[in-house]
**Student:** 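Sharing a structure below in C-alpha cells format, with a few things to ask.
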Amino acid sequence: MSRPRDLVVTGLSHRTAPIELRERYELSGERLRRWAARIADLDEVAECVVLSTCNRTECYATGPSGSDVAVAVRAELDRAAGLPRGQARFFNLEGYDAVRHLFRVTSGLDSLVIGEAQIQGQVANAYERAGTEVLGPVLHRLFQSALAAGGRVRATTSISRGAASIPSAAVELARKVYGSLAGRSVLVAGTGEMGRLTVRCLRGEGVQRVFLASRHRGRAERVGRELDAIPVDREAIWGLMREVDLLVTATDAEAAFVTGNRLAAAHDDSRKVVVLDIAVPRNVEETVSVLPGVFLYNVDDLQRVVDQTLSARRFENDGAEAIIEHHAGRYWVWHRTRMAAPLIRGMREAAHRILAADLEARLPAGPRDVDRTEELRLASRTLLNKILHGPTQALRRLAEQTEDEREFQEFAAHFFEPGDTWESSRTARNGLG
Amino acid sequence: MIAGLLGLAVAGYAVAWLLQLQSFSRAEDAVSTASARVTAGAALAHLAALVAFGVAHRTMPLAGFGPTAATLSLVTVMALLVLTRRAEGALAGLFALPPIIALAGAAIVAGLEPPQSVSGLRGALFIFHVATVLLGYAILLVGSVAAAMYLLQFRALKQKEFGNVFRSFPSLETLDRTSAIALAVGLSVLTVGLVAGWSFTISAGRSLVLTDADVAFGLLTWAVYGAAIAVRYTPGGRGERAAGMTVFAFVASATAFALLRAISTTPELFL
C-alpha cells in the first residue's frame, strides 16, 4: 500500500460549472461503480471517495503527491463524462482547505440553498459506497469527522430549520395550524407541476386522503393515479369543503373561482381549513381570509416564509463556521500527527535493534543464567522506552506544528540521524502508511 | 438561609427567562439546554429552601402567605418542567416564569415565617387541601400560558406575520390540546382541593364563610375556569374562543387575588 500522504479534493460544483456541465459529470449507479474501480487501480491514488449530487461532483483523494492525484482524478472524471480535457473548470483544494471544504459541504454551508439537509445523507452515502477498496484511514476518519461536524452544526444552530422552498413552506404553514398532518385530508384543484410537488410534500408528512379536482376528468384520473389521489370534478370542491383540512389551488384559471361567498356557504365555521393558493393569477379571493377558521396563503406569502428562513440561516452562518473550524482543526491535528508515525516506529525499531545487538555482545559466552539474562533484557528495554518517550513526544509535537510534510521528514531524519542503522527507519518511512 | 436559597432560585428563574427570551429572539422552537438546566437548578434551590423551612419550623410551608406563595411557585415550576419535557411545551417559560418569579419574590418580601395568630392549620386533611389547591392553581396557570400562546400564534397565522411567534411557538392544535388538558386536570384537582378544604373546615368545627378571602378566591377561580371549559363545548367554542376565555379567566383570578389581598383582614393566610 502506498503512503496516503497528500489530501486533495477536485471536481466541480454549482459554484464553478453550469447545470449542463454538471449533468455530464454526475456519477451514479453502475457508472459510479466502474469509475471507482478504475480509480482504485491508479498508482497515484491511495484512497478515494466521490461525492456526486445534482449540484456537485467532487472527488476526495489521497496519494503520495497531491498534484499527481488531482491530475489523475480529473483525467478519469473527463473520461467518465466523455469530454476532452480542459473543457470543465475543476476546482482544486489541498490539505486543510480540502478538509474544511468537506466539512462545509456536509454542513450545508456550500449548498445552493444554505443549510439544506439532504447533503448530510448524500455525504454519508458517498462514504458508505466507497467501501474498503478505496477507503483508508485518512478518508475514513475525514468523512466520519465531517458527518459528526455536520450533525453538530444542525443540532446547535438553526441553519437547517424552516422551509426553504415553496412546497415545504406550504407544509410548514399547514403544520403550524394542525401540528401533525398525519391522517389529514387534502383537496387539490389543478394538476400542474407545483400542485403535484406540494402533494408529494404533504404525502411525506403523512396526509391520508388526497382529492384531485380538475376541469378535465381524464387528466384528474391520470395524475390521480400518479399521486395516489381520488379524482373529482371541479364542481365537487364545494361539497368536499366540510371534509378536507387543506385546500391547495394550482389551476391556470384566469379569475379567482374560490370566492368569499362560495367558501362561506360551503365551509363549516367550527373547523379549521388551510387554503394554499399557489396559482398565478390567484385562484382564491383575498376576502376568504376573513372567514372564521380559514387560513389563506398565496404564493407571495409562501415566498416570504422561504425568504425569512434563508435570512435566518444566513444569520446562523458565523456560528456554523466556528463549529466547522473547531472540528476541522481537530481532524487536521490528527492528520498531521500521522506523518510522524513511520518515523517514530523506525526510530524505536532501530534503537531496540542496537540495544539487542549491544546486549548480546556484552553477555558472557558459554552457559548463561536464563532468568538473570531475561531480567537484564527487560530492564534495558524499559530504560530505553523511557529514554525514547521524550523524542517520541517531540516528534509528534513537531508533526502537529509543521505545515510541510517533506520539510518535517528531512528535519526529523537529520535530527535523529544515528548513523548507518538509521537507514532501516528510512525504509520504514517510505513503506508505511 | 431560607430566604437566601429562595433568592438564589428567583435569580435562576430570571436567568432562565432571559435565556428563553434569547431563544425567542433567535426564533428557536425549543428551550435551550442551558435554560432547561438553569430552571432545574433553580428548582432544586427552591426545593432546598422549602425543606429548610420545614426543618427550621417543623411544619410544612402550607400556611401563611410567604410559605404558601413559595410552595405554589415551586409546584408551578414543576408543572412547567413537565410541560417542557414535551416539545409542545417549548418556550412556555417565556410566559410562565414571570408569574413564578413574582410569586417567589413576593414570598421573600412577605417573609418565610409560619403564621403566629392562626392555630389548628395542621393535619393530613389540611395538608391535602392546600397541596391539591396549589397544584390545581399551578396547572391552571400552565393551561393559561398555553392559551395565551395560542392567541398569539393564531394572530400570527391569520395576519400572515411570519416572525418569531410563528417560528418559535408550537402549532395551534398542540396549544389548544395542551390548554384543554391542563384546564380539565387543573380544575379537577382544584375541585378536589376545595372539597377537602370544606371538609377540613367542617371537621375543625368551623363554618364555611364564603366571604373569606381564601374561600372567595378559590370559588371565583373555580367558576371562571369552569366557564372557560364550558365554552369549549359550545358550537365553534374550541380554539380562539376557548383560548380567549381561558386568558380572561387567568386575568380575572389574578385581579381578584390582588384585590382580595388588598382588602383581606387576615393577610397572614394564603391571601
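Chain naming here is simple, since letters A, B, ... match the order of the sequence lines and numbering starts at 1 in each.
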**Student:** Between A:Y178 and B:T174, does a side chain to side chain contact (heavy atoms under 4.5 Å, CB included) hold up when you go through it step by step?
**Tutor:** CA-CA 8 Å; A:Y178 295 118; B:T174 300; over 6 Å; no
**Student:** Give the minimum heavy-atom separation between A:V177 and B:L157, together with the two atoms involved.
**Tutor:** CG2-CD1, 3.8 Å
**Student:** Quick one: what part of B:E240 sits under 4.5 Å from any heavy atom of chain A, side chain, backbone, both or neither?
**Tutor:** neither
**Student:** Heavy atoms only: give me the nearest A:Q308-B:R167 pair and the separation to one decimal.
**Tutor:** CB-NH2, 3.1 Å
**Student:** Could you check whether the rings of B:F162 and A:Y297 sit parallel, tilted or perpendicular, using 30° and 60° as the cut-offs?
**Tutor:** tilted
**Student:** Identify which part of A:L291 has an atom lying under 4.5 Å from any heavy atom of chain B, answering side chain, backbone, both or neither.
**Tutor:** backbone
**Student:** Let me know if A:S180 has heavy atoms under 4.5 Å from chain B in its side chain, its backbone, both or neither.
**Tutor:** neither
**Student:** Using every non-hydrogen atom in the two residues, find where A:D301 and B:K160 come nearest and quote the distance to one decimal.
**Tutor:** OD2-NZ, 2.9 Å
**Student:** Once side-chain hydrogen bond (donor to acceptor under 3.5 Å, both in side chains) is applied, do any residues pair with B:R37, and if so which ones, sequence neighbours excluded?
**Tutor:** none
**Student:** Mind checking which of residues 268-285 of chain A sit less than 4.5 Å from chain B, heavy atom to heavy atom?
**Tutor:** A:S270, A:K272
**Student:** Mind running salt bridge (Lys or Arg N to Asp or Glu O under 4.0 Å) on B:E161 and A:K176 for me, showing each step along the way?
**Tutor:** CA-CA 12 Å; B:E161 291 169 358; A:K176 281 293 177 187; over 6 Å; no
**Student:** Between B:K158 and A:S289, which heavy-atom pair has the shortest distance, and what is it?
**Tutor:** NZ-O, 2.8 Å
**Student:** Between atom CG of A:L181 and atom OG of B:S171, what is the distance when rounded to the nearest 0.5 Å?
**Tutor:** 9.5 Å
